[in-house]
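In this chain, residues are counted from 1 in sequence order. Computation of the quantities below employed the complete heavy-atom set of this structure, encompassing side-chain atoms and omitting hydrogens, waters and symmetry-equivalent molecules.
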Amino acid sequence: MADENVAILYRMILPDHTCPFGVRAKEMLEEAGFEVDDRILASREEVDAFEEEQGVDTTPQVFIDGERIGGSDDLGRYLAA
């Protein structure tokens, strides 16, 4: 049985750039009481491979209970529902 209070967050933290949308997504999840499995994409190659694998154009991407919620804007709508 999946734990609904755990969220998997894929976000970009490169040596010269931390994605502010990933930071915000992590904050929103923690404020909502989720335990965050924070998966850092630490190179442009990792980011590109993840986006291609998932069929998405941006990070961060949030998954809750096996479902892809989407990015930080999608997460905001999900949490507001």
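Not one N or O on the side chain of Gln54 forms a donor-acceptor pair closer than 3.5 Å with the backbone of Phe50.
When the side chain to side chain donor-acceptor pair (under 3.5 Å) test is applied to Arg39, the partners found at least two apart in sequence or on another chain are Tyr10, Asp37. Remark: Ile13 engages Arg11, Thr18, Ile40 in a side chain to side chain contact (heavy atoms under 4.5 Å, CB included) (not counting sequence neighbours).
Pro15 and Ala42 get closest at one heavy-atom pair: CD-O, 3.8 Å. Heavy-atom minimum distance, Leu41 versus Thr59: CD1-CG2, 3.8 Å.
Atom CE of Met12 and atom CD of Glu46 lie 12.0 Å apart (nearest 0.5 Å). Ile8 contributes atom CD1, which lies 11.0 Å from atom CG of Asp38 (distance to the nearest 0.5 angstrom).
Under the side-chain hydrogen bond (donor to acceptor under 3.5 Å, both in side chains) criterion, the residue pairs touching residues 72-81 are Asp74-Arg77, with sequence neighbours excluded.
Applying the side-chain contact (heavy atoms from CB on, under 4.5 Å) test between Val62 and each of Leu29, Val36, Leu79 identifies Leu29 as the sole match.
Under the 4.5 Å side-chain heavy-atom criterion for ILVMFWY residues, a single connected hydrophobic cluster contains both Leu9 and Met28.
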Glu52 vs Asp48, test: side chain to side chain contact (heavy atoms under 4.5 Å, CB included). Steps then yes/no.
CA-CA 6 Å; Glu52 183 175 334; Asp48 292 345; over 6 Å; no
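Sparse packing is recorded around CZ of Phe21, with 12 or fewer heavy atoms of other residues, nucleotides or ligands lying under 6.0 Å away.
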